[in-house]
There are 2 protein chains.
Amino acid sequence: MQSILENIAKHVTLTPEEQELFLSKTETKQFKAKTILLSAGEVATCTYFVNSGILRSFNINDNIIEHVLHFACEGWWIGDMYSYISEKPGNLFIEVLEDAEVVIITKENHQKLYQEIPKLERFFRILAENSLVSHQERLMDNLSLTAEERFEKFCSKYPTLIQKVPQKHIASYIGVTPEFFSKMKARLLKK
Amino acid sequence: MQSILENIAKHVTLTPEEQELFLSKTETKQFKAKTILLSAGEVATCTYFVNSGILRSFNINDNIIEHVLHFACEGWWIGDMYSYISEKPGNLFIEVLEDAEVVIITKENHQKLYQEIPKLERFFRILAENSLVSHQERLMDNLSLTAEERFEKFCSKYPTLIQKVPQKHIASYIGVTPEFFSKMKARLLKK
DNA sequence: ATAATTTCTTAATCTAGGTTAAGTGCTCTT
DNA sequence: AAGAGCACTTAACCTAGATTAAGAAATTAT
């Protein structure tokens, strides 16, 4: 299991005291599958780091159709960035898909940490930049690839997720209906 | 015209000396429309801030079809973040659509600036986070809205761009062919 | 001004993926 | 272990948007 300190150490070096301080501003909790950590309409007051298990973020449009924005498993961060930084009600739900242990940082503590450990500005800058890059890539993929190509890309990028999460969520992530996904999968298996 | 220092001042406060230092690490250039600042296959060594004029970033897939990732006019940043941070050849082109004045920061100078003015980590963190939020929103819009709805959203978000850039680029940005865009526009005008 | 190139429009035809609906197999419950 | 939900599949039919092609309008270059 990758700890949150190891995750930070990928990009910046904290002293033992800083590490201590950092952990003191976090809280680690266990959640059962199906727990909703955040609902649309609420203001996101926390950011989450996944120690184990799987979470997803998604929105629901008027027609009661869900769209998965993001999956997060071991070693990934997840949250509603829009709501978190604007402090306005967001559109995202965050749900536990598989029993999980999650490190929680409140925005209040996050701000204090920025003051006390300015190096963390760098860490979260790099985190945001990397996330931006992968969202840009996904955007371009949605514009230029077929559903089949997006699925293949998903498989090679997140091989572990395919067995673990209900395939309707993967269908939603790549942007097709569960019915079409099923048809497409059958077609691919024939090859 | 919004200067780059005003842009920075939105999120962090630089002393006069820091402002001086910052500007000394940038270069301001004029470019004629149609100039290509970056081509796919090249490593992006610079980030750009637009003083005036309009730029766009786009990729081209095998079929010679362009997809617009981003427009940037006065007061906006633009670049190929993937290539810039990974230092690998990128997929994006950056092109001048309307005669422009652009502030250029090389990656080398950017890194020096981070060392000399650590506050800039914070600025670029906030910049990346905001950009991330708008990419996430666009992603979800592409998954859940019709072309017509995406176009209406584009109009209300970037009203000035509509008159200024060729509509085929707007079609590409919202993810439809120029032909369909034209048909859709005619349909909307009838209402 | 005129030619050349690009952009935009219109229209006919096509298709990837959506919708609706019914049925099958899971895995939780209790 | 029997039922109640879910998750998945299959199939018929439908539609938003793509493709192809041709002409009109606008820009740009000479």
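Just so you know, these numbers come straight off a predicted model, no measurement behind them. In the text below, chain A, chain B and the rest are named by the order of the sequence lines, each starting its count at 1.
For B:Phe180 and C:dC14, the CZ to C1' distance is 15 Å, given to the nearest whole Å. Rounded to whole Å, the distance from CD1 on A:Ile170 to C1' on D:dT9 is 16 Å. When the C1' atom of D:dG23 is taken as reference, atom CD of B:Glu179 falls 13 Å away, rounded to whole Å. Whole-Å rounding puts the A:Ile174 CD1 to C:dG17 P distance at 9 Å. For the pair B:Phe151 CZ and D:dG17 P, the computed distance is 14 Å after rounding to whole Å. As a whole-Å value, the separation of A:His169 NE2 from D:dC8 C1' is 13 Å. As a whole-Å value, the separation of B:Gln163 CD from C:dC8 P is 14 Å. Atom pair A:Leu143:CG and C:dA16:C1' shows a separation of 16 Å (rounding to whole Å applied).
OP1 and OP2 of C:dT10 both lie 4.0 Å or more from every side-chain N or O belonging to B:Arg187. At the phosphate of C:dG18, OP1 or OP2 sits under 4.0 Å from a side-chain N or O atom of A:Thr177.
With distances taken from any side-chain atom of B:Lys183 to the nucleotides D:dA7, D:dA18, C:dT9, the minimum falls on D:dA18. Taking only side-chain atoms of A:Pro166, from C-beta outward, the nucleotide of D:dC8, C:dC8, D:dG17 with the closest atom is D:dC8. Taking every side-chain heavy atom of B:Lys185 into account, C:dC8 is the closest of C:dG18, C:dG17, C:dC8. Taking every side-chain heavy atom of B:Gln167 into account, C:dT9 is the closest of C:dT9, C:dG17, D:dT9.
Side-chain polar atoms of B:Glu6 and B:Ser3 form a donor-acceptor pair below 3.5 angstrom. Looking at B:Trp77 and B:Asn7, their side chains do bring a donor and an acceptor atom within 3.5 Å of each other.
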*Passes side-chain contact (heavy atoms from CB on, under 4.5 Å), B:Arg56 versus B:His169? Steps please.*
CA-CA 9 Å; B:Arg56 70 167 175 142; B:His169 294 330; 3.4 Å; yes
*asked:* side-chain hydrogen bond (donor to acceptor under 3.5 Å, both in side chains), that's the test. Do A:His70 and A:Tyr173 meet it? Break it down for me.
replied: CA-CA 7 Å; A:His70 198 57; A:Tyr173 182 94; 5.6 Å; no
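Following chains of ILVMFWY side-chain contacts shorter than 4.5 Å, one can reach B:Tyr114 starting from B:Phe123, so the two form part of one hydrophobic cluster.
Mapped onto DNA chain D by nearest heavy atom, B:Lys34 and B:Ala147 fall at different nucleotides, with B:Ala147 at the one closer to the 5' end.
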